[in-house]
Protein chains: 2
Amino acid sequence: MAAGTTRDQITAAADRLFYERGFEATSFADIAAAVNLSRGNFYYHFKSKDEILAAVIARRVETTRAALDAWAAAAAGPADGIRSFIGMLVANRAKIMRHGCPVGTLCAELAKLDHAAQGDAAAIFTLFRTWLADRFAALGHGADADALALHALMRSQGIAALATALHDEAFIDREVEALEAWLDDLPQAPARP
Amino acid sequence: MAAGTTRDQITAAADRLFYERGFEATSFADIAAAVNLSRGNFYYHFKSKDEILAAVIARRVETTRAALDAWAAAAAGPADGIRSFIGMLVANRAKIMRHGCPVGTLCAELAKLDHAAQGDAAAIFTLFRTWLADRFAALGHGADADALALHALMRSQGIAALATALHDEAFIDREVEALEAWLDDLPQAPARP
DNA sequence: ACAGCACTAGGTCAATCGTCCTAATCATCT
DNA sequence: AGATGATTAGGACGATTGACCTAGTGCTGT
């Protein structure tokens, strides 16, 4: 129906279903139904389910990189970029309350399955981590930049996890506000020349 | 092998396996092997897998309540009790790095499965929430007690989630320290008489 | 018109899933 | 010893899983 090759359509559908239902709970039949394909010939495009997972992770890496680039381009400054990251929680709150954070829940599932791709999934976190750390460094927190990045990442994960369990929209708003306040109230460091 | 009725042994084994591998990924055969029972006669003790899940959740509610009572009894004051909660992250960090938080990951999985028991699982969070809120209230934060409780809960979830993905023990230590500092540096409110 | 290739439908395969049943075993009490 | 009820072993069930295969369809350039 949409544009893109069949392989891309399969990857996109699998991406959505892995997020909404989980990796193991999504079967070939589910993906096939989503793209109106017979389940049998998936092996022409992917020779195993793990290969579909790898394609989905690669797709998410790409999507994440694109989002980070767009935020960086649109941001008035480093702090504004970080605020775009935080804003993700508000923009996607409906989905987050139902299915959690796509990255966090996938990493958690793959960790339980002891899956070989768990490191690849965690690499998406690294994308956010270094991107955030760059911005904290630009704000003058060179020594703490990585720790601050992980702190922001950790709070976004906590907000998503608890929002999924509690189904509480006001909780998200309150904690997002607190996270923005934390960013604004960071002990000032000497700005870069 | 251990004490307790067969039903309790099954529940305990399922509890451990649901935590380590996940609910859906754990089969009757897995549980049967763990308690040295034939898989067939589970239906004498539980008439469905959902019933085992309900028993596991009830067991975790019980365990949680007992832990909270113990912490309350051992604590020198409200703040000391909250510190026991935070200490859980350090005490269980090895397991957390491999399987995440038992409550958070179960809630996330049940949310994706759209399982009827997701509310029951989330009730364990409520146990922590009200217990923490009581202590924040005793510290004089009557109006914000619930919000503070959720904030502490959210950070514990974020730490667990990211620790699972990153497998970084130093990260846990650093964030636990930051969480304790947050607790100590809370704006002082007038103490209760 | 024809050959060649990209792609698909539909079915088979063994394995495993949760569920269910029955015959045997165990412990306890009369 | 014999009867009774609780507990278990072991298998069978239909459905579904990921994996695999082959016979095709439809488009391409010649």
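Since the model is a prediction, treat every value here as computed from it, not as a measurement. Quick note on labels: first sequence line is chain A, next is B, and so on, each numbered from 1.
For the pair A:Arg39 and B:Ser38, nearest-nucleotide mapping onto DNA chain D gives the more 5' position to B:Ser38.
For residues 15-28 of chain A, proximity to DNA chain D is found at A:Thr26, A:Ser27, A:Phe28, defined as any non-hydrogen atom under 4.0 angstrom from a strand atom.
Distance, A:Leu53 CG to D:dT17 P: 18 Å, rounded to whole Å. D:dT8 atom C1' lies 15 Å from atom CZ of B:Phe46, rounded to whole Å. Atoms CZ (A:Phe42) and P (D:dT17) sit 12 Å apart, rounded to a whole Å. Rounded to an integer number of Å, the gap from CG of A:Asp30 to P of D:dT17 is 7 Å. We find that CG of B:Asp50 is positioned 14 Å from C1' of C:dC17, with the value rounded to whole Å.
For the pair A:Arg129 and A:Trp131, the cation-pi criterion (under 6.0 Å, within 45° of the ring axis) is not fulfilled.
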Salt bridge (Lys or Arg N to Asp or Glu O under 4.0 Å) between B:Asp184 and B:Arg83, intermediate numbers included: CA-CA 10 Å; B:Asp184 293 336; B:Arg83 258 183 285 271; 2.9 Å; yes

Worked verdict on B:Asp8 versus B:Thr11 for side chain to side chain donor-acceptor pair (under 3.5 Å): CA-CA 5 Å; B:Asp8 290 340; B:Thr11 310; 5.0 Å; no

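By the neighbour-count criterion of 12 heavy atoms within 6.0 Å, atom CD of A:Glu51 is densely surrounded, having more than that number from other residues, nucleotides or ligands. Counting heavy-atom neighbours within 6.0 Å of B:Lys95 NZ, excluding the residue itself, gives a total of 12 or less.
Between A:His45 and C:dA6 there is no side-chain polar atom (N or O) within less than 4.0 angstrom of OP1 or OP2. Look at A:Thr6 and you won't find any side-chain N or O under 4.0 angstrom from OP1 or OP2 of C:dC7. Taking side-chain N and O atoms only, B:Asn41 has a distance below 4.0 Å to OP1 or OP2 of D:dA9.
In this structure, of C:dT8, D:dA9, C:dC17, it is C:dT8 that holds the atom nearest to the side chain of A:Tyr44. Nearest to the side-chain atoms of A:Leu37 among the listed nucleotides C:dC17, D:dA19, C:dT8 stands C:dT8.
Among B:Leu53, B:Leu17, B:Ile52, the single residue meeting the side chain to side chain contact (heavy atoms under 4.5 Å, CB included) criterion with B:Phe23 is B:Leu53.
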